[in-house]
Amino acid sequence: MTQLLNLCLDPETGITVDGLREAKYNKIDQLEEMYNAQAEDVEWESSKNSIDLLLHFIDKCEQGIFSDNHLDEAKVTLRQLAAEREESDWNHAMGSNNLNVLNEYIQKCTNGTYSDAHLQQAKEIAELIDWQQAKDSHNAAVLNGFILKCNNGIYSSVHVDEAKEMLEQLENGTIISEWENLVAISDSNSKLMRLNEFIQKYATNPTNTAQQYMQKATELMERLRDAEQARVDWIDAKQKDTILDYSCFLKAHPYCEYREEAEQRIQSMKGDLLNDMKRSPFKYHREEMFGYISTNTLTKHELVDESCVLTDRGYSHIKRFPTLKHEQRDLPVSHLENPCSQNGNTDVFFFGVSGSGKTCVLSGLMSLTGQLGFKFDPKGPGGGGSYAIELRNYARHSMLPPATDQKYIQVIDAQINNENGSLSNISFIEMSGEKTAQFAAINNPTSLDDLGPGAAGLLSNDNRKLIFFVIDPTNQKNIQMGQDSHQFVMQSDVLDCVSSLLSKNPLLMKKVCGIHIILTKSDTLGDYVDQTVVQNMLNEQGYAAVLSSIKDLCQKYDINKQTGFQVGLYPFCVGRFMPGDVYTFDETDSLKILRVVQKNVGSVRRTGGFFDSLRDFFNS
């Protein structure tokens with residue numbers, strides 16, 4: 001190692017530490033440490049007459065490799081040499097017509113070795129030489145390198161446009177040819193590899209052609225990376241075969257090979273979908289319609305202007321409230337354990353399972369304040385005044401009320417003019433849908449208490465009774481008998497059970513002045529709904545037997561005599577419904593129900609003579 005050290009210390013040998021490092025001498029770190037300890041004076045002596053060597057020596061001093069014993073003297077010597085040689089170096093660089101020589105001179109100016117007296121002129125000459133070389137090269141890489149120097153501020157932008165134009169002309173054919181060869185590759189892995197090479201090659205190319213094909217390359221890259229997942233999702237979308245699924249597929253895979261087919265399927269299905277929405281609006285709930293609108297699968301022009309599936313208000317409402325929960329507030333229902341109706345009232349009962357539409361019927365009725373002398377008491381003893389106010393607001397704003405608390409009975413105190421023009425007191429009583437369904441699970445029920453807390457008190461008082469059964473004709477599924485029950489029934493079963501209970505309570509039946517059925521969602525029954533249509537629909541759904549038993553009950557207790565003891569069947573819809581659970585309020589059906597109420601209040605029930613009393617005695 002000592003011999004190597006002496007050789008490195010002797011400038012005439014040509015052996016250096018850097019050379020030995022490149023030769024991978026295994027003790028180079030130890031040798032370099034020994035060299036640095038002894039080489040300072042040697043390098044100082046050898047660098048006194050060379051600007052480059054002085055710069056190297058000063059750099060080692062400032063890095064701490066050498067001491068600063070000669071640092072000040074080295075800097076003074078450097079300034080002296082620079083002052084002596086600057087002009088000659090400048091003249092040499094200027095006359096050399098050599099870009100490397102000029103760049104070396106420019107570097108010495110920028111690092112402070114020389115002054116900047118000739119710096120700008122040196123840069124201008126270097127730019128002209130570089131531009132001429134790039135122009136004469138007819139080489140895309142060289143031209144692109146010159147453009148990058150202009151973009152990075154090394155050169156001015158005087159020649160950049162001309163350079164881009166030359167590059168465009170030079171590369172057009174090459175880029176297009178490479179792209180066509182790339183696209184023709186059938187193997188996905190090979191195509192992806194060539195595509196990566198293409199992007200790396202032309203990513204910094206400023207020409208219009210290059211940027212145009214870089215956009216195509218980016219799209220192709222997206223397609224290739226997405227292709228496998230797109231195949232899986234396409235199979236799933238075809239199995240579901242809905243416009244919304246195809247639209248979601250396109251959103252997830254905008255560049256896939258199935259795009260055109262998916263768009264064609266969407267267009268071919270739109271007409272049937274829009275027609276079906278008009279025919280069966282209840283099939284399309286809020287979240288689904290919001291999906292069509294938010295993804296622009298169905299445009300406002302298609303839904304509102306062309307097909308009239310939605311109104312402007314309905315369209316805007318769905319956009320504003322993506323789900324029913326967004327627009328609905330909890331109803332301020334009364335939670336009375338023992339609800340009551342004032343003596344002398346006509347009690348109007350609404351029986352139906354949860355979700356049958358009782359609340360919608362009441363909502364429509366509450367909106368009719370002022371008609372037929374009808375008004376409800378917001379502070380009535382029944383406790384349902386706040387409930388009535390909120391229901392009225394929902395109807396008047398064409399909004400569906402939320403599901404109510406199904407554990408308690410709601411009583412709304414109101415007044416209406418009877419047919420003679422006199423004011424009559426009434427109580428609208430919404431029976432618990434959950435308790436009504438649970439009641440159907442009781443074996444041989446005979447007590448009115450079985451219909452829920454407070455039911456017996458309301459049904460046993462001396463007030464006249466008007467009974468409405470509320471049925472949703474679209475719901476033919478089994479209904480759970482309460483949240484904790486594992487038993488299920490149909491709506492017709494529940495109606496049958498309630499009818500059976502009524503027949504076992506003759507004292508109650510003597511106070512009943514009418515029994516009727518309200519069929520909600522009558523939009524689903526067709527455009528022309530009459531008594532025959534309703535009757536046929538109820539027979540098809542298994543109501544024939546129970547309707548017959550109720551008719552017998554009516555005949556026995558002289559109920560519905562004006563209709564031949566037949567149960568009144570009233571199709572009901574709170575307005576013109578559209579897909580997405582939006583509607584335009586229409587009071588027509590609500591007013592029909594209110595007129596039925598009016599006809600059954602204030603009229604004195606026939607008491608009869610001896611034979612009527614005798615009949616009542618035996619019937620009891």
Side-chain angles (χ1 to χ4, degrees), residues 281-282 286 311 313-314 316-317 321 324 327-334 345-350 352 355-380 382-405 410-418 423-431 433 466 468 470-472 516-523 529 568 570-578 580-601:
F282 291 106
R286 180 67 56 84
T311 61
R313 181 194 174 281
S316 300
H317 197 80
F321 301 108
L324 285 176
E327 70 179 13
Q328 293 174 332
R329 303 181 299 273
D330 289 337
L331 292 171
V333 295
S334 172
N345 285 13
T346 296
D347 296 339
V348 185
F349 289 87
F350 293 89
S356 60
K358 300 189 306 296
T359 308
C360 270
V361 173
L362 280 171
S363 178
L365 291 173
M366 294 307 108
S367 72
L368 300 179
T369 50
Q371 300 198 50
L372 309 181
F374 169 66
K375 61 180 179 180
F376 60 80
D377 186 351
K379 297 296 181 182
S386 298
Y387 180 53
I389 291 173
E390 194 74 341
L391 289 180
R392 179 183 61 190
N393 292 339
Y394 270 102
R396 290 186 174 178
H397 289 90
S398 294
M399 294 167 60
L400 286 175
T404 56
D405 188 331
Q410 307 302 322
V411 179
I412 300 172
D413 299 290
Q415 293 180 323
I416 192 171
N417 289 333
N418 62 28
L423 201 60
S424 296
N425 293 325
I426 55 176
S427 293
F428 288 105
I429 301 172
E430 182 181 3
M431 302 299 289
L466 175 60
F468 287 102
V470 182
I471 298 173
D472 173 7
H516 306 288
I517 291 178
I518 299 174
L519 285 93
T520 56
K521 300 182 182 178
S522 63
D523 283 13
V529 182
Y570 295 96
F572 178 88
C573 192
V574 74
R576 179 221 160 187
F577 267 82
M578 296 167 280
D581 302 307
V582 292
Y583 68 97
T584 301
F585 176 65
D586 185 339
E587 65 180 29
T588 303
D589 291 342
S590 298
L591 191 56
K592 289 179 182 178
I593 303 298
L594 192 63
R595 290 190 187 280
V596 174
V597 174
Q598 183 188 48
K599 288 181 179 180
N600 285 275
V601 297

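The figures here come from the full heavy-atom set of this structure, side chains too, leaving out hydrogens, waters and symmetry mates.
Looking at Phe468 and Val597, their side chains come closer than 4.5 Å, going by heavy atoms from C-beta outward. Considering only heavy atoms from C-beta on, Ser398 comes within 4.5 Å of Arg313 through its side chain. Considering only heavy atoms from C-beta on, Cys360 stays 4.5 Å or farther from Tyr394 through its side chain. Residues Asn417 and Leu372 form no side-chain contact, since every pair of their non-hydrogen atoms from C-beta on lies 4.5 Å or further apart.
Closest approach of Gly355 and Asp472 over heavy atoms only: O-OD2, 4.0 Å. Looking at every heavy atom in both residues, Phe428 comes nearest to Leu594 through CZ-CD1, 4.4 Å. Across every non-hydrogen atom of Leu391 and Pro401, the tightest pair is CD2-CB, 4.2 Å. Of all heavy-atom pairs spanning Ile389 and Pro378, the tightest one is CD1-CB, 3.8 Å. Minimum heavy-atom separation, Ser427 to Val411: CB-CG1, 4.1 Å. Summarising the geometry of Pro402 relative to Thr359, their closest heavy-atom pair is O-CG2, 4.4 Å, with the distance given to 0.1 Å.
Separation of atoms SG (Cys573) and CD1 (Ile518) is listed at 12.5 Å; rounding is to 0.5 Å. If you take CG on Leu331 and CG on Asn393, they are separated by 10.5 Å, rounding to the nearest 0.5 Å. Note: Leu400 CG to Leu324 CG = 6.0 Å, rounded to the nearest 0.5 Å. Separation of atoms NZ (Lys521) and CD1 (Ile471) is listed at 13.5 Å; rounding is to 0.5 Å. Between the CG atom of Leu466 and the CG atom of Asn600 there is a distance of 4.5 Å, given to the nearest 0.5 Å. To the nearest 0.5 Å, the span separating CE on Met399 from NE2 on His317 amounts to 5.0 Å.
Taking the side chain to side chain contact (heavy atoms under 4.5 Å, CB included) definition, one finds that Gln371 meets it with Leu368, Glu587, Leu591, sequence neighbours left out. The ring-ring contact (aromatic ring centres under 6.0 Å, His included) search around Phe349 returns none, not counting sequence neighbours. In terms of the side-chain hydrogen bond (donor to acceptor under 3.5 Å, both in side chains) criterion, residue partners of Tyr387 (sequence neighbours excluded) are, by chain and number, Glu430. With sequence neighbours excluded, the residues forming a salt bridge (charged side-chain N to carboxylate O under 4.0 Å, His left out) with Arg286 are Glu327, listed by chain and number. Applying the side chain to side chain contact (heavy atoms under 4.5 Å, CB included) test to Lys375 and every residue at least two apart in sequence or in another chain returns Gln415. With sequence neighbours excluded, no residue satisfies side-chain hydrogen bond (donor to acceptor under 3.5 Å, both in side chains) with Ser316. For Tyr570, the ring-ring contact (aromatic ring centres under 6.0 Å, His included) criterion is met by His516, not counting sequence neighbours. Residues satisfying the salt bridge (charged side-chain N to carboxylate O under 4.0 Å, His left out) criterion with Glu390, sequence neighbours excluded, are Arg329. By the salt bridge (charged side-chain N to carboxylate O under 4.0 Å, His left out) test, Asp413 pairs with no residue at all, sequence neighbours left out. With sequence neighbours excluded, the residues that form a side chain to side chain contact (heavy atoms under 4.5 Å, CB included) with Ala388 are Met366, Phe376, Ile412. For Arg576, the side chain to side chain contact (heavy atoms under 4.5 Å, CB included) test picks out Thr311, Met578, with sequence neighbours left out.
Each salt bridge (Lys or Arg N to Asp or Glu O under 4.0 Å) pair with one or both residues in residues 360-370, not counting sequence neighbours, would appear here, but there are none.
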Inset, instruction - Would you sort out whether Arg396 and Thr369 count as a side-chain contact (heavy atoms from CB on, under 4.5 Å), showing the intermediate values? - result: CA-CA 11 Å; Arg396 290 186 174 178; Thr369 50; 2.9 Å; yes
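Judged by distance alone, with hydrogens and angles left aside, the side-chain atoms of Lys358 form a donor-acceptor pair with the main-chain N or O of Gly352 at under 3.5 Å.
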